[in-house]
There are 2 protein chains.
Amino acid sequence: MNSLISHIQKFIPLNNEEAEIVLSYFKIEKFKKKQLLLQENQICNKQYFIVNGCVRFYINTTKGTEQTTQFGIENWWITDYLSFQYLTPSSFNIQAIENIEILSIERNSFEALLERLPKLEKYFRLVLQKSFGAAQVRIKYLFTMSAEERFHHMNDYFPEFIQRVPQYMIASYLDFSAEFMSKIRSGKV
Amino acid sequence: MNSLISHIQKFIPLNNEEAEIVLSYFKIEKFKKKQLLLQENQICNKQYFIVNGCVRFYINTTKGTEQTTQFGIENWWITDYLSFQYLTPSSFNIQAIENIEILSIERNSFEALLERLPKLEKYFRLVLQKSFGAAQVRIKYLFTMSAEERFHHMNDYFPEFIQRVPQYMIASYLDFSAEFMSKIRSGKV
DNA sequence: CGAAAAACTTGAAGTACTTCAAGAAAAGTA
DNA sequence: TACTTTTCTTGAAGTACTTCAAGTTTTTCG
């Protein structure tokens, strides 16, 4: 069974015919580890649903380092929402951390699909409510926990990431240095 | 003209009859400066549209301080989205910074309204896309700018807040101390 | 398999902030 | 108007991290 269809059906009912229509608007794409799905300064005119694998959202800082701000795994949507909505150049990069398989839909097709099947508006609204809620909680953690607490929290609640993703990306996502991460893990702090 | 209706019409067409229906689901509420619209541990079963005035979203930290994580002004929606969607207890507080006038809608009425006027799904989806996009950019600023840069950025792009809101709340929102804010402003840093 | 690249570790030195304490200024209220 | 509360300022001391540089381990891939 297609994972996007299953995901949609967790939120709204969808019959076989509708499922066919949905899929006809998407393209399946594969990227190899390290490839970029989106590069800064480009317009992010696609939205991605991750079927298989793991990606990250990151910024190139003025210091020449890379700052990871989000991760995405199976069954997550990922895009730069402002760039997607207003078709303005993005300042983010989206990169495959593993070889990945994703479903992509262009901005125009996305609008056409929603016109064709308006019931999907509800699905996307619910997905966004959840995503924005998660962003609210994320800000809370960043603001109220020390580096060490943030690491342990992630370790406890999202152990799958710690396994899958290089430590320095996790450190960056939690807003501290790779070296400090290493010290936390070895108990030298 | 009602400000909620105008706001909706910026995103989707809405005739008079539909506007009447929309408004019938909302309640107008007034709160005085410092009153709480939501208190932590409560379930946030309402969503608010700010007609007049200014509110903040904050957490009580374990250190006994208050950490502001969001602001809201005229024409913004505000709620704890996870608490609202899953009816779980919130860890946030929402407080009026000025005397305010808001439109509130309960979770049940919200669902009923969307059943009655499904075209509103699109409006809320678009509002959420924009909000989540703004959250992505906010994280970027927090991660890539120094305290001083964050202050100047806010000063340049959102001067209305600097005027309206006590400095210590701005400092907290930008994730530094009120004392440091004072030093930035006076150039002693 | 072996070589190269990527990821992780360690300690020493530095810094961008925080915390504390106290006083001054501004705003709210009777 | 004066009194109270809230907000802002200042300097001194402290700290949770960062940065740098170098070495070690692990992973990738021809």
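Residue numbers begin at 1 in each chain, while the letters A, B, ... track the order of the sequences. Given the structure is predicted, the values throughout are model-derived calculations rather than measurements.
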Side-chain N,O ([X]) to OP1/OP2 ([N]) below 4.0 Å:
X        : N      : answer
A/Gln167 : C/dT9  : yes
A/Ser177 : D/dT19 : no
B/Lys183 : D/dC8  : no

Requested in this report: May I ask you to decide whether B/Arg107 forms a salt bridge with B/Glu111, counting only side-chain N to carboxylate O separations under 4.0 Å?
Outcome: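 Yes.
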
Query raised in the report: So does A/Glu74 pair up with A/Arg164, basic N to acidic O under 4.0 Å?
Result: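 Yes, A/Glu74 and A/Arg164 are salt-bridged.
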
Requested in this report: Report the residue (B/Met169 or B/Phe180) whose heavy-atom-nearest nucleotide on DNA chain D is the more 5′ of the two.
Outcome: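 So the residue in question is B/Met169.
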
What's the [atom1]-[atom2] distance between [X] and [N], to the nearest Å?
X        : N      : atom1 : atom2 : value
A/Glu179 : C/dT15 : CD    : C1'   : 15 Å
B/Glu66  : D/dT6  : CD    : P     : 11 Å
B/Arg150 : C/dA16 : CZ    : P     : 13 Å
A/Arg164 : C/dA7  : CZ    : C1'   : 18 Å
A/Phe143 : C/dC17 : CZ    : P     : 13 Å
A/Ile184 : D/dT18 : CD1   : C1'   : 13 Å
A/Lys63  : C/dT15 : NZ    : P     : 13 Å

Query raised in the report: Looking for any heavy atom pair under 4.0 Å, which part of the strands does B/Phe176 touch: base, sugar-phosphate only, or nothing?
Result: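 Sugar-phosphate, no base atom in range.
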
Requested in this report: Mind checking A/Tyr168 for me? I need base, sugar-phosphate or nothing, with any heavy atom below 4.0 Å counting as a touch.
Outcome: sugar-phosphate

Query raised in the report: Does the pair A/Phe110 and A/Lys46 meet the rule for a side chain to side chain contact (heavy atoms under 4.5 Å, CB included), with working shown?
Result: CA-CA 9 Å; A/Phe110 183 60; A/Lys46 289 183 181 175; over 6 Å; no

Query - Cation-pi geometry met for B/Arg138 and B/Tyr173 (6.0 Å, 45°) - result: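 Yes - B/Arg138 lies over the ring of B/Tyr173, closer than 6.0 Å to its centre and within 45° of its axis.
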
